[in-house]
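To start, the structure under review is shown below, and the notes come after it.
Proteins get letters first, then strands, A, B, ... in listed order; numbering begins at 1 in each.
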Protein chains: 2
Amino acid sequence: MPRSDALRNRARVLDAAEEVLAEQGLTARMDAIAARAGVGVGTVYRHFATKEALWQAIVVARVDVLLAEARRLRAEADPATAFFTFFARIVADAAAKKAYTDALRDAGIDVKDGQAEQVAAMRAAITGLLRAAQDAHAVRAEVGLPEILALLRGASLAAETGDFPPAALEIIFSGLRTV
Amino acid sequence: MPRSDALRNRARVLDAAEEVLAEQGLTARMDAIAARAGVGVGTVYRHFATKEALWQAIVVARVDVLLAEARRLRAEADPATAFFTFFARIVADAAAKKAYTDALRDAGIDVKDGQAEQVAAMRAAITGLLRAAQDAHAVRAEVGLPEILALLRGASLAAETGDFPPAALEIIFSGLRTV
DNA sequence: TGATAAACGGAATCCAGGTTCCGTATCGTC
DNA sequence: GACGATACGGAACCTGGATTCCGTTTATCA
């Protein structure tokens, strides 16, 4: 088993990285992360082989949270609410945590190993929510997963790079709803 | 007046840069641009003081084209067609020419000097198209410029980073149209 | 408490890519 | 067709930032 301080520091680094990446996106510097964690850069690297690896670890964790949220909504809310809430949730997440949307960017292509199943899970979750919402006649039948992913990506990127007013989201929702 | 070869090279650089930036976005290397132009890096720098300057020159040119297009549509097409065509045109442009969307990103904030009036012109053009479309009852009255800019930004970014199916665009349009 | 392995800090190293410099080539003029 | 002024090419330089290295510190266990 790892030494106790190693465990503690790993956690600190992860937390700090989450904060810093949320604020600054992928351009955040490793020193900044180390500083925020109250640790030397060397320590960061002992726990995460590379910046990329660190960043991936965070995305993986975040997507897991989203997946759980998707399952919860699916179970507890009516299909329409579930679908639209999840959509809004992802966009809100992107607005708050910058280093995030790249995950969605990969949702179709160019996935790193280890992420593959997570991406598949995400696609499945969204498909499930969409289907249910369509069965409940809350979303147009002819809308497909590719469109949803594209809209999700667009809204998230927009939210990440600036303001994305609720009214704009509402316009998209309105376009998705049954006529 | 500048020497003839200088003039010729300036044009070549501009063309090459447009191509390379379109393909690779802002990460494109200066050597790549110089190579494509069949010129040394030094020459690129004699004409454009910095990478940023070069990139701005291109964006400015491109936005001018779009502005002309906006005016033309305004004059020649009915308001609804004009508005939606222009929207689609911007998104299509973003899909084809990567190094582009940053211009829209600035549409509200943090504008470099010299760009200010161009940004203002763009905002004015979009506002004009929007108003007209609303007067013609082709777009919901409660939609405002901020929403349009946000949606435009989102769709463009999405198109720039991957696929943005026409159906997705149609969903947005559908949400914008009068109920 | 002492020994030893595991972790740590952070200065030094490496590298990619933008920018500068200067010897050479070209243009325009007399 | 010769001269000065302009441009050119591209190697060398510089900088920011990721990554590595190693002497020092800390945890763990007899």
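- If you find the closest nucleotide of DNA chain C to B:Met30 and to B:Arg8, the one lying nearer the 5' end belongs to B:Met30.
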**Request:** Please report the C-alpha distance between B:Arg140 and A:Ser174 in whole Å, then the side-chain angles of each, then the deciding distance to 0.1 Å, and finally whether the side chain to side chain donor-acceptor pair (under 3.5 Å) criterion is met.
**Result:** CA-CA 11 Å; B:Arg140 295 188 197 192; A:Ser174 160; 2.2 Å; yes

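- Pairing each heavy atom of A:Ala28 with each of A:Val20, the nearest pair is CB-CG1, 3.5 Å.
- Counting only residues at least two apart or in different chains, ring pair (Phe, Tyr, Trp, His ring centres under 6.0 Å) contacts with residues 149-179 of chain A comprise A:Phe84-A:Phe173, A:Phe87-A:Phe173.
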**Message:** I need a per-nucleotide contact map over nucleotides 5-16 of chain C, read 5' to 3'. Cutoff is protein heavy atoms under 4.0 Å; write B for the base, S for backbone only, - otherwise.
**Reply:** BBSBBBB-----

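- When all heavy atoms of A:Leu14 and A:Ala57 are compared, the pair lying nearest together is CD1-CB, 4.4 Å.
- Note on B:Ala28: only backbone sugar-phosphate atoms sit closer than 4.0 angstrom, heavy atoms only; bases stay farther off.
- Residue B:Thr50 places at least one side-chain N or O closer than 4.0 Å to OP1 or OP2 of C:dT19.
- If you find the closest nucleotide of DNA chain C to B:Ser4 and to B:Lys51, the one lying nearer the 5' end belongs to B:Lys51.
- Chain A approaches DNA chain D within less than 4.0 angstrom (heavy atoms of the protein), and the contacting nucleotides run 5' to 3' from D:dG17 to D:dT28.
- Looking at every heavy atom in both residues, B:Ile58 comes nearest to B:Glu18 through CD1-N, 3.5 Å.
- To the nearest 0.5 Å, the span separating CD1 on B:Ile148 from CD1 on A:Ile171 amounts to 5.5 Å.
- Here the shortest heavy-atom pairing between B:Leu26 and B:Lys51 reads O-NZ, 2.9 Å.
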**Request:** Starting from the C-alpha separation in whole Å, work towards a yes-or-no answer on side chain to side chain contact (heavy atoms under 4.5 Å, CB included) for B:Lys97 and B:Leu21.
**Result:** CA-CA 7 Å; B:Lys97 336 236 160 153; B:Leu21 287 176; over 6 Å; no

